[in-house]
Amino acid sequence: MFEEERFTTAMLGRANCSLKPDKKLLNSKFEQYKYTSGREHEITYKKLKHKPHRTKPPDSDFSYQMSRTSCLFNHLIVPPKGGKYYYITHNEEEHSYILVDALTDTELAQFSNQEKLIFNVSAVWIGSETLALCIGTYLYLLSLTPTSTKQTSEQKLDFHCLLLGSFERDETAHLVLCYRTDNVFVHQIVKQNDSGKFEVTASIRQSGIARFVTVRGDTLTMISEGKLLVPEPEPEEPEKPGEVAEPVPRERDEEKNYTWTQTMEDVDVSIELPSGILKSDLTIEIGHDSLEVRTKGGQELFKSKLFSKVEPKESTWHMSTDKKRVEVVLTKYQEAHNWANLVDTPHYDPAGNLLGEISDLSEEELRGMMRRMESLNEYTSDKVDKSPLYTPHPELEECDELDGQQVLLSSFSLDPVKQHSLVELSPGTLLFSDTDRGFVVSHSVDACYYEVERDVCPPWQHASTFHAFNMVQATKTQKKYIVTDPGRKYAAIVDITRHVYIYSSTGEESTHGKLLVMTLDNSDDSEILGVFPRTESIVLLTEKYLITIKFSL
């Protein structure tokens, strides 16, 4: 494949950021979506000549649920400019994979399967006319023009990889791919050399797979599960005889009775004690995100919510030898996470799913928020759930399918690769990503769209809001795909029961949004394998048909 990890992630200069939304883009007056009858839409079915290949890699390589949730396995291949629809089919007799034009049934390219096994297939576009395909352990490049199709490159890999993204830099094609080895997900940035082959320029090792990858300018933005794995630091050079190492200064908060330092794994807190205090006089409680130190007589010495999560069972404490301080060693929940402060500040919002400080809201805004919550609860109550279009789940529950896996939003500079911003997202906060343009996270009952831009820090900016969408998507327990159109006029949910829900709530001061519900023909009971949203239509790929739904908002 490629040379293994010639570059690794540096952790210097990283700053913690937040996803605090722009209050101007929120609408506390919004109440509910109003259902519109299906007369305003038209559904057409185009029968497919071949059955699309359904990617389902074994659990030992990738989690299908995890990849499906992030739409890594959207089997409908659409060029950036649209207008064409492709899919991959598998010819079991000839042991080959074929790229097919879904509109004309034309077989455009065939790839032999020398190993005679069924592989996972992933695809990304490089520019508007070059398609990169990863089939098992082979990487292909295809030139797709209106008049011809030509394979331009073939490269053997050492691992089964998934293609996650692409970008062009210095007029050179780059790919972002991922493979799993020794329970570690290795995300590699590879660039095309003069001979047409790809070579590694950087590697990022994590305990989970990336769900969103994009590059703007010199910045890579990634949303991934699990922890960022950093190589062990190189041993320091031994001190020369007669030299005395400079002590590392401890950070001290003014007018506070404590100092603190941190390493890659731990946070060390030193708290001053009143004279005469013994170890038996102390009560210390270490929570997942809090620390409290007090005497058994009730005197509070330290009590605060911490900057980030810790592992309580692995954390320890002891008295200093002079009995003047208590030393608390907190084990970080996420190794190599650089804490900007010991305690959590009122404005720090790592999850991005809170409404901010209540004190920042006016009385009118608070009343509007309460009315809105009451209205939305009524909207998902038993009265509405009697309709077959809804499932009886009014609670705003955790909707992520990753069993509570932590999600990290990071940005990296590329020369060299260095992480310079980080946001820890709570499980269920990331709702879906919009190809390589942006991503959507929950914020109370809303869903906030963050667009990734260049030459700004952090590179993500709150661009628009789907009002109350977090609430309504939580009721769709059988959802498979969540997408938005290029202009972000609507968000769509496609579920496994062959329903398509379109939610439109673009008005900043409106109290109601528009809901369209479309049901596919029951005669086609095949699985939905792909989706592509357009301005006033949505295209679906099933095992038998290419389906186009036209609607009016």
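Everything numeric here is computed off the predicted structure, so don't read it as measured data.
- Not less than 6.0 angstrom separates the ring centroid of Y449 from the ring centroid of F439.
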Intermediate values then yes/no, side chain to side chain donor-acceptor pair (under 3.5 Å), Q206 and S224: CA-CA 8 Å; Q206 294 183 283; S224 56; 2.7 Å; yes

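- Taking each heavy atom of L108 and Y86 in turn, the nearest pair found is CD1-CE2, 3.3 Å.
- A salt bridge is absent between K47 and D105; no separation between the charged side-chain nitrogens and carboxylate oxygens falls under 4.0 Å.
- Residue M222 comes nearest to F412 through the heavy atom pair CB-CE1, 4.4 Å, listed as atom of the first residue, atom of the second, then distance.
- Taking the six-membered ring for Trp, F111 and Y97 have ring centres at least 6.0 Å apart.
- The line from CD of E451 to CZ of R216 is 7.5 Å long, rounded to the nearest 0.5 Å.
- Side-chain atoms of S411 never come within 3.5 Å of backbone atoms of T221 as a donor-acceptor pair (strictly under, hydrogens ignored).
- Judged purely by atom type and a 3.5 angstrom limit, D446 has no side-chain atom pairing as donor or acceptor with the backbone of T465.
- Considering all non-hydrogen atoms of both residues, S552 and L516 come closest at O-CD1, 4.0 Å.
- With sequence neighbours left out, the side-chain hydrogen bond (donor to acceptor under 3.5 Å, both in side chains) criterion links H174 to no other residue.
- Between L163 and A132, the closest heavy-atom pair is CD1-O, 3.4 Å.
- Taking 4.5 Å as the limit, every side-chain heavy atom of T477 sits out of range of all side-chain heavy atoms of D495.
- The closest donor-acceptor contact from the side chain of K34 to the backbone of H512 lies at 3.5 Å or more, if one exists at all.
- Interatomic distance, CZ of F432 versus NZ of K479, reported as 11.5 Å (0.5 Å rounding).
- A 6.0 Å sphere centred on NZ of K46 holds more than 12 heavy atoms belonging to other residues, nucleotides or ligands.
- H499 contributes no side-chain N or O that, together with a main-chain N or O of M518, makes up a donor-acceptor pair within less than 3.5 Å.
- One finds the CD1 atom of I547 at 13.0 Å from the OG atom of S537 (value rounded to the nearest 0.5 Å).
- Between T542 atom OG1 and Y45 atom OH the span is 9.0 Å, to the nearest 0.5 Å.
- Separation of atoms OG1 (T548) and OH (Y85) is listed at 6.0 Å; rounding is to 0.5 Å.
- Minimum heavy-atom separation, S504 to Y33: O-CE2, 3.7 Å.
- Side-chain N or O atoms of Q192 include one that pairs as donor or acceptor with a backbone N or O of G196 at under 3.5 Å.
- Between the CZ atom of R498 and the CG atom of L520 there is a distance of 4.5 Å, given to the nearest 0.5 Å.
- Checked by atom type, the side-chain pair R205/S203 shows no donor-acceptor distance below 3.5 Å.
- Looking only at distances, a side-chain donor or acceptor of K197 sits under 3.5 Å from a matching main-chain atom of E154.
- A distance-only check finds no donor-acceptor pair linking the side chain of S148 to the backbone of T145 [under 3.5 Å].
- Using a 4.0 Å cut-off between charged side-chain N and carboxylate O, D101 and K84 make a salt bridge.
- Because its NZ or CZ atom is both nearer than 6.0 Å to the ring centre of Y138 and within 45° of the ring axis, K156 counts as a cation-pi partner of that residue.
- No hydrogens or angles considered: nothing links the side chains of Q478 and T497 as a donor-acceptor pair under 3.5 Å.
- When ring centroids are compared, F30 and H467 come within the 6.0 Å threshold.
- For R534, the CZ atom counts as loosely surrounded, since its 6.0 Å shell holds 12 or fewer non-hydrogen atoms of other residues, nucleotides or ligands.
- Under a 4.0 Å N-O distance rule, the pair E527/R54 qualifies as a salt bridge.
- Looking at H462, its side chain never comes within 3.5 Å of a backbone N or O of Y450 through a donor-acceptor pair.
- By the side-chain contact (heavy atoms from CB on, under 4.5 Å) test, N91 is found to be paired with E93, E94, S96, I98, residues two or more places apart in sequence or in another chain being considered.
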